[in-house]
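Contents: one structure, followed by commentary.
Computed from heavy atoms alone, side chains included, the values below leave out hydrogens, waters and symmetry copies. Below, chain A is the first sequence line, B the second, and so on; all start at residue 1.
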Protein chains: 2
Amino acid sequence: MTITDVAKAAGVSRQTVSNALNSPEVVREETLKHVLEVIERLGYRANQAARQMRTGRSRLIAIGIEPDGDGISGSWADRFLHSLSETAAQEGYRILLYTAADDDSEIATYEDLLGAYKPDAFVLTATHHDDLRASWLLERGLPFVAFGRPWSDLPDARHPWVDVDGAAGTEAATRHLLAAGHRRIGFIGWPPGSGVGDDRREGWARALSRQDLSGLQRAVEDGIAAGESAALDLLAADPGVTALVCASDSLALGALQAREPGRPVAVIGFDDTPAARAVGLTSVHQPLGEAAAACVDLLARALESPDAGPPSAHVLLAPTLTIRQSA
Amino acid sequence: MTITDVAKAAGVSRQTVSNALNSPEVVREETLKHVLEVIERLGYRANQAARQMRTGRSRLIAIGIEPDGDGISGSWADRFLHSLSETAAQEGYRILLYTAADDDSEIATYEDLLGAYKPDAFVLTATHHDDLRASWLLERGLPFVAFGRPWSDLPDARHPWVDVDGAAGTEAATRHLLAAGHRRIGFIGWPPGSGVGDDRREGWARALSRQDLSGLQRAVEDGIAAGESAALDLLAADPGVTALVCASDSLALGALQAREPGRPVAVIGFDDTPAARAVGLTSVHQPLGEAAAACVDLLARALESPDAGPPSAHVLLAPTLTIRQSA
DNA sequence: ATGAAAGCGCTAACAC
DNA sequence: GTGTTAGCGCTTTCAT
């Protein structure tokens, strides 16, 4: 069914139908109502390809999906994608998926996509220092939003982003432990240099220093085994430690295993993954649904008014603490 | 950049460029080589919208993403989507995402999508008895493949599908326990009537009956708490039970918690979720990557030759057992 | 407020 | 083997 069929059925010209859809204010109220009714009755939908040829807009938002690492900390994509797709649909956009192993191949995919499907915008996930993808898109003035802060202060790294305040999360976790009476609280995180990891460490340190306290920390690669040995090491180094804040659920899961029968140690993880729920691990919960919705909002706004508004709008969301048995 | 630019740069007509791309056999070898070179050098990609208008094919495959239940058993979508997207890209297709709460709203989304973006095919997940989606698509002759068997023998339920042999999975799990010397092996599954659940129960029963054994079973809704109480109930009913096979990792996680200090009970779950890895739960692993690749293969084949070939081709994949401490 | 004409980039059919 | 023509369905001038 085409717009011509609708026009015939409604007894008006094709353009009037088009106007009813795209510039309703220009059509007489009575006519508008009638045309909309016919469209509804016929179940007509404008052909997106034809529309795109004319307007240059595809109403497609592209996002990359990565293979997750150990599968524990990585399983946030599901929830994010679901919410992204739902919110996008409400705004009249659809989500186009792609995969890429690294920044370079992701950029190659951009070229591919832009030549063929011409998505109106991109969503970047897992941003990192010296993110080639962001600078590539920025150079070309292509609309995008990152889920994750630009971990650089360079002026050419300014772009719209949405992120969850990791420091606020570990700070809340630490305060929760402090309120429960803990005074020697350790931290197990990742090696310095990763924006996300440094941010999470910062929240723990901040909460402690506000009470004029400090604590031991260990930095290891992510993983259950690494978390366990780091925890063993840290607990041995200071027998007074009674609680651990961890940069991820994987590390926290390892820390749980490092506990010895005679010595209760409270543990808090990060990401509130299914695994945390499964073992009763208290964890910092990221509002992924809101984050996805914020991404769509930022993009939709930017796409409606291509020039107006600050191009580097951002949203920082506060995580919450999901309290379970482990702390 | 358009096909005209390429034609100019190559010193041939637009048509020849188009032919080089779509019917290379019709172009003189020398010309072909030259044109392809220019295309490569310029980084030209055919505009998909224009191509779609002419050919009626969008090279888009649509798939629905559901909000996962307790997040434990539901986190397979990630891996499946990644592989689906990757395989599809290799075949020249891209993945379009949508969300739907139930069959009816999913069908409404089909109408929407078919009117606007016109995906060439759909991938259905979580098929169930009396699946309205499959019959709707079937009635209209729309290409699709289901990840999951049609749980009905009705002739109008015949369609291409890919699935993992759940019975083979629980059978392998049970045989593993038998080989380890267990003789009283219970099963915790879902209420009868769900195809997936019945299938998994069947595998356990089959393995036992081959040894002239039988076992106790309990049927509950999915969830950790339900799994725990079902396990407590079953273990109390027969003090001789030494092992449990479960229809999901959620149930298995509950069963693990139901164990008492003095009585070791082996537990095997299903899905090999991150949570299983986290707690050392032995679990049946589904080859999701292969499943996704098989879906794309089936679709690509059907789309290349719209009439040839059996319309109800299917692929049944064997799961593997990932052995950890729990059994 | 409504109707007519043009053209987005591409490919299938036809002519050369 | 290559070039020309037409038209997919839509929206955007422009004219009425």
Send over the distance from A/K8 NZ to D/dG9 C1', rounded to a whole Å. 13 Å
To 10°, what angle do the rotation axes through the five end pairs on each side of the helix from C/dA1-D/dT16 to C/dC16-D/dG1 form? 40°
When you look at CG of B/D130, are more than 12 heavy atoms from neighbouring residues, nucleotides or ligands closer to it than 6.0 Å? no
Looking at A/V38, A/T31, A/L32, A/L36, which one forms a side-chain contact (heavy atoms from CB on, under 4.5 Å) with A/H34? A/V38
Quick one: are the ring centres of A/W136 and A/F122 less than 6.0 Å apart? no
Which atoms form the tightest heavy-atom contact between B/D120 and B/S58, and what is the distance? OD1-N, 2.9 Å
Shortest non-hydrogen contact between B/D78 and A/A77, atoms and distance: OD1-CB, 3.2 Å
Within a reach of under 6.0 Å around CD of A/E40, are more than 12 heavy atoms found that belong to other residues, nucleotides or ligands? no
Rounded to the nearest angstrom, tell me the gap between atom CG in A/N22 and atom P in D/dT12. 6 Å
Does CD belonging to B/E29 count more than 12 external heavy atoms closer than 6.0 Å? no
Figure out the NZ/C1' separation between B/K33 and D/dG1, and round it to whole Å. 18 Å
Are any of B/R54's side-chain N or O atoms less than 4.0 Å away from OP1 or OP2 of C/dA12? no
A/M1 has an atom CE; how far is it from atom C1' of D/dC8, in whole Å? 16 Å
Between the protein and nucleotides 1-3 of chain C, which nitrogen or oxygen pairs are less than 3.5 angstrom apart?
unit_1, atom_1, unit_2, atom_2, d
C/dT2, OP1, A/R28, NH2, 3.0
C/dT2, OP1, A/T31, OG1, 2.7
C/dT2, OP2, A/R28, N, 3.3
C/dG3, OP2, A/S13, N, 2.8
C/dG3, OP2, A/S13, OG, 2.8
C/dG3, OP2, A/T16, OG1, 3.2

A/D5 CG - D/dG9 P separation (whole Å): 9 Å
Heavy-atom pair of closest approach, residues B/D165 and B/R149: CA-NH2, 4.0 Å
Rounded to whole Å, how long is the line connecting atom CD of A/Q52 with atom P of D/dT12? 14 Å
How many whole angstroms separate atom OH of A/Y117 from atom P of C/dC10? 14 Å
Within a 6.0 Å radius of atom CD on A/E139, are there more than 12 heavy atoms belonging to other residues, nucleotides or ligands? yes
Under a 4.0 Å heavy-atom cutoff, the residues of residues 40-48 of chain A touching DNA chain C are none
Whole Å only: how far is the CE atom of A/M53 from the C1' atom of C/dT11? 12 Å
Pair B/L60-B/Q48, side chain to side chain contact (heavy atoms under 4.5 Å, CB included): steps then yes or no: CA-CA 10 Å; B/L60 242 27; B/Q48 185 52 44; over 6 Å; no
B/S18 side-chain N/O to C/dT11 phosphate OP1/OP2 under 4.0 Å: yes
Once the angle between the rings of A/F144 and A/H159 is folded into 0 to 90°, is it parallel (under 30°), tilted (30 to 60°) or perpendicular (over 60°)? tilted
